[in-house]
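Remember, it's a predicted structure, so these values are computed and weren't measured experimentally. In what follows, every heavy atom counts, from backbone to side chain, and hydrogens, waters and symmetry copies are set aside.
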Amino acid sequence: MTRRALGALRCAWPLLLAGCAALDAPRLAYQCPQRLGFEARLYQDMALLEGERGHAVLERVAPADGGAALEYADSTVRASFGLGLSHRLARLDYAGVPEPVYCERAVSAGGNASAPVRAAERPGPRPPPPFNPGAPEQTNIRSTNGRDVGPG
């Protein structure tokens, strides 16, 4: 392997690792009534839902009925996955809507919809903290009082 190829591999290694980490939570497609659908990525501590009307980040919560379903919630929706005899159903309980919405897991091309729904064995990706303009910044600049300035 040449030096250039080795250098490129060193630079690309963090990107490759980040790409592999994103693949560990499969996208689960669900079809709901009125031709609505969404995709979910389930993690140990959170679920990422992406649909035609936007996206949601839900925190993992204890099951309301003490069951074995995977449940995630925020202030607007509570989502339960792995319901039904075949564990292919998801239930969405929206705040302010009296009836729950049941969605069925869709069969993807080459996928197996009968595989059990499980959360990935790692925490979900967290966004970086919001920018705080008042926070101290780390730099390599040293300020002195002028007395200890010398060579080097």
Quiz item: Roughly how far apart are Leu49 CG and Tyr72 OH, rounded to 0.5 Å?
Solution: 9.5 Å
Practice problem: Any chance you could measure Glu71, atom CD, to Arg91, atom CZ, to the nearest 0.5 Å? | Solution: 9.0 Å
Practice problem: Could you tell me which non-hydrogen atom of Val117 sits nearest to which non-hydrogen atom of His87, and how far apart they are? | Solution: CG2-O, 3.7 Å
Exercise. Could you pull out the closest heavy-atom pair between Tyr43 and Pro123, with the gap in Å?
Key: CD2-O, 3.9 Å
Practice problem: Taking the side chain as every heavy atom from C-beta outward, state whether Leu48 and His55 have any pair of such atoms under 4.5 Å apart. | Solution: no
Self-check item: Residues in ring pair (Phe, Tyr, Trp, His ring centres under 6.0 Å) contact with Phe38, at least two apart in sequence or another chain
Solution: Tyr30
Self-check item: Spacing of Arg41 atom CZ and Met46 atom CE [to the nearest 0.5 Å]
Solution: 11.5 Å
Quiz prompt | In one Ile/Leu/Val/Met/Phe/Trp/Tyr side-chain cluster, 4.5 Å: Phe81, Val77 | solution = yes
Self-check item: Closest approach of Leu83 to Ala69 (non-hydrogen atoms, all atoms of both residues)
Solution: CD2-CB, 3.6 Å
Quiz item: So, for Ser75 and Ala95, which heavy atoms are closest and what is the spacing to 0.1 Å?
Solution: O-CB, 3.7 Å
Quiz item: Rounded to the nearest 0.5 Å, how far apart are CD of Gln44 and CD of Glu121?
Solution: 7.5 Å
Quiz item: So, do Gln34 and Val101 sit near enough that their side-chain heavy atoms are less than 4.5 Å apart?
Solution: no
Quiz item: Distance-only, no hydrogens or angles: does the Arg88 side chain make a donor-acceptor pair with backbone N or O of Glu104 under 3.5 Å?
Solution: no
Quiz prompt | Any side-chain heavy-atom pair of Arg60 and Leu70 under 4.5 Å | solution = yes
Exercise. Enter the distance from Leu58:CG to Leu92:CG here, rounded to the nearest 0.5 Å.
Key: 9.0 Å
Quiz item: Does CZ in Arg53 sit with more than 12 non-hydrogen atoms of other residues, nucleotides or ligands closer than 6.0 Å?
Solution: no
